[in-house]
Number of protein chains: 2
Amino acid sequence: METRPLDTAAPTSTAKRARGLDRAFEILDFLRDQKSPMRPNEIAVQIGAPRSSVYELVNLLLRNEILELAGGDGRVFLGRKLYFLGAAYEEQFDFTRECEAALEMIAHETRETSQFCMLDGNKYIVVRMKEGARPFRISSDVGQSVPIPWTASGRLLVAHLSDQEIIDFIPPQDFQLPNGEWLEPAVFIREVREAWLKGEFTFDSIVDSFTHCFAVPVLDANRRCVATLCLVAPREDGIENREEYLLCLKRASQRLSGQTSVPPLSR
Amino acid sequence: METRPLDTAAPTSTAKRARGLDRAFEILDFLRDQKSPMRPNEIAVQIGAPRSSVYELVNLLLRNEILELAGGDGRVFLGRKLYFLGAAYEEQFDFTRECEAALEMIAHETRETSQFCMLDGNKYIVVRMKEGARPFRISSDVGQSVPIPWTASGRLLVAHLSDQEIIDFIPPQDFQLPNGEWLEPAVFIREVREAWLKGEFTFDSIVDSFTHCFAVPVLDANRRCVATLCLVAPREDGIENREEYLLCLKRASQRLSGQTSVPPLSR
DNA sequence: AATCAATGTCCGCTATAATGTACAAGTGAT
DNA sequence: ATCACTTGTACATTATAGCGGACATTGATT
């Protein structure tokens, strides 16, 4: 019926005149990232957009209650309407309940921190998290965007793409790990394929130096990985209980997979 | 430092060429209302927008993951990104936790159904609800838009507006009650003023014929009504326990009011 | 077969939205 | 007092986004 040109979702930076809609969502994403109200001018500067455009868009978004004045001094932040729209999404694809139950179960059996993760555009994000029995400082907060190659889940979340698509999909600079080293895309892709075959991926976290990460895929009706369940454990614990932990994760993911309540992956 | 032109929020309907952004959010609101995936063509027809425009916008929104393919046959629905944005909003104005606690408390003390309500544009909506001990069919679902004059909470939610602003704000046809009768705007306004003075409004529901509704305001730091707590009880129960219920509601609202976690009302 | 309605695509026209630029006002440092 | 900087507003220009309308498919109904 159609085949989208596969625009790589990237808001394309080279365009001379950006489209209002794209700019608008760029603003929203930026605010989400900042996690705090900002002034239009500041937004314009930071996202590298013309001031006049940003002012106009911000006013439009305010009118629609997509943005709200917040924090005084003309600062704006994400608005109530987004909350309502998000709630409507959640209601339609009601994965949160089962998801919460799955995390609960994992946390109960393993006493470790467990997470439910997805892709947001071309980044990885933690959608829900359940702290383990002895909580320790986890590097990635809920809702924080993280480069895909930095994470165990990342190996599974792009498994439905071809090699070339993976290359095109992930921003090149995201292959630079937090320690400065570069991860060879070919190596990453090999890990992706292996992870998909085994239905799991585990490694010592790249982001910190004391945890071991486990990830297993959550599949939609078409057996595509739309999300992951993962588990973050202190390294010794992780190594020691490896098989038990993996089994637990897989049991949980099995229960989630294929449910109609899991949102399908487009394309 | 500035005074926004105060654009009266009206999405201006007379415009010849609608702005893409407005159309886009019109689509999103429409989908929220429908609560199910729809085809672009159908959307265009129902919201009375040019087909070509809607197709273009839908594609743009798909690219940004604001919409997702869902339900097959090219149907689209609200997308994951909206969920993420909504979550970010919720985190910033973290009223849900206290709110949930307040509802819990009310439900526990009264055994009746309690709700947390706000304005969504120029409509009333139930943001959260806690079913009472003996749940009965409540007319208004969570997330459903309802005309302001139909609800007890409506009397409080517009209390910060002047008479004229109230008239301008509420769509004229919303003064027609579900039974077909017209509520005189002047009468409504009088009720608004009284409700605000007493810090409460109660009446036999207009929407159904067997419940009595109680509403009390939740105030922000500027003492403006940004939300309401309300309680829906069978009529006899409502009349009988009137004072007790009101007291309970007011205690709960007191705890919520003025918290920084309550989102401020713009303008 | 023929007709009609519903759906998706394509393309040219033009109203207008995005932009650059100039201006004004406030703030703080020197 | 002067400069540098940040923030918000106003306006003219032009690239383009929204629109109308033609066309192609499909599937149901006659």
Side-chain angles (χ1 to χ4, degrees), chain A residues 1-7 11-28 30-31 34 36-64 66-67 69-77 266-267, chain B residues 1-7 11-28 30-31 34 36-64 66-67 69-77 266-267:
Chain A
M1 169 130 309
E2 41 74 331
T3 12
R4 193 156 314 295
L6 188 27
D7 234 329
T12 166
S13 49
T14 51
K16 244 211 179 96
R17 255 190 196 194
R19 200 177 277 243
L21 253 185
D22 289 331
R23 275 273 141 81
F25 289 118
E26 208 179 331
I27 292 173
L28 298 185
F30 176 70
L31 285 174
Q34 296 292 305
S36 84
M38 303 194 73
R39 307 174 110 165
N41 193 38
E42 201 178 352
I43 297 173
V45 172
Q46 299 245 14
I47 70 177
R51 273 227 309 282
S52 39
S53 303
V54 172
Y55 273 96
E56 169 136 13
L57 287 173
V58 164
N59 281 325
L60 272 178
L61 294 171
L62 282 172
R63 277 214 285 109
N64 290 31
I66 303 295
L67 290 182
L69 290 175
D73 283 324
R75 265 180 276 266
V76 298
F77 195 68
S266 34
R267 285 209 306 276
Chain B
M1 167 125 306
E2 40 70 334
T3 14
R4 196 155 310 294
L6 184 30
D7 236 329
T12 166
S13 50
T14 51
K16 238 205 182 106
R17 257 186 196 195
R19 201 176 282 241
L21 252 184
D22 289 331
R23 274 272 142 81
F25 289 117
E26 207 179 334
I27 292 174
L28 298 185
F30 176 70
L31 285 173
Q34 296 292 305
S36 85
M38 304 194 74
R39 307 174 112 167
N41 193 37
E42 202 177 351
I43 297 174
V45 172
Q46 299 244 14
I47 70 176
R51 274 228 305 285
S52 41
S53 302
V54 172
Y55 273 97
E56 168 134 18
L57 286 172
V58 165
N59 281 327
L60 271 179
L61 294 171
L62 283 172
R63 277 215 284 109
N64 290 49
I66 303 294
L67 289 182
L69 289 173
D73 282 324
R75 265 181 276 267
V76 298
F77 195 68
S266 34
R267 287 210 308 278

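Pairing each heavy atom of A:Ala70 with each of A:Pro37, the nearest pair is O-CB, 3.2 Å. Considering every non-hydrogen atom in both A:Pro40 and A:Tyr55, the closest pair reads CB-CE2, 3.6 Å. The two residues B:Leu21 and A:Ala24 have their closest heavy-atom pair at CD2-CB, 4.0 Å.
Atoms CD1 (B:Ile43) and C1' (C:dT7) sit 13 Å apart, rounded to a whole Å. The interatomic distance linking A:Leu21 (CG) with D:dT16 (P) rounds to 16 Å, in whole Å. Between B:Asp73 atom CG and C:dA6 atom C1' there is a gap of 12 Å when expressed in whole angstrom units. For the pair B:Gln46 CD and C:dT7 C1', the interatomic distance rounds to 15 Å; values are reported in whole Å. To the nearest angstrom, P of D:dG18 lies 12 Å from CG of A:Leu60. For the pair B:Asn59 CG and C:dT9 P, the interatomic distance rounds to 7 Å; values are reported in whole Å. What separates CD of A:Glu26 from C1' of C:dT19 is a distance of 15 Å, to the nearest Å. The distance from atom CG of A:Leu69 to atom C1' of D:dG8 is 14 Å, rounded to the nearest whole Å.
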Pairs: protein N or O with nucleotides 3-6 of chain D N or O, under 3.5 Å:
none

Anything under 3.5 Å between a protein N or O and an N or O of nucleotides 23-25 of chain D, put it in a table, one pair a line.
none

Report all interatomic pairs (protein N or O, nucleotide N or O of nucleotides 10-13 of chain C) with separations under 3.5 Å.
none

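Between B:Gln46 and B:Phe30 the shortest side-chain heavy-atom distance falls below 4.5 Å. Side-chain contact check for B:Leu61 versus B:Val58: every heavy-atom pair is 4.5 Å or farther apart. The shortest distance between side-chain heavy atoms of B:Val45 and B:Arg51 does not fall below 4.5 Å. Side-chain contact between B:Leu31 and B:Leu67 is present, with heavy atoms from C-beta onward closer than 4.5 Å. The closest side-chain heavy-atom distance from B:Val76 to B:Ile43 is below 4.5 Å.
For A:Arg19, no side-chain nitrogen or oxygen approaches OP1 or OP2 of D:dT16 to under 4.0 Å.
Nearest-nucleotide mapping onto DNA chain D: of A:Val45 and B:Glu56, the residue sitting toward the 5' end is A:Val45. Heavy-atom nearest nucleotides on DNA chain D were determined for A:Arg75 and for B:Arg23, and the one closer to the 5' end corresponds to A:Arg75.
A salt bridge between A:Glu26 and A:Arg23 is present, with a side-chain N of the basic residue lying under 4.0 Å from a carboxylate O of the acidic one.
With rounding to the nearest 0.5 Å, the separation of CZ in A:Arg75 from CE in A:Met38 is 8.5 Å. In this structure, CG on B:Leu69 lies 5.0 Å from CG on B:Leu62, to the nearest 0.5 angstrom.
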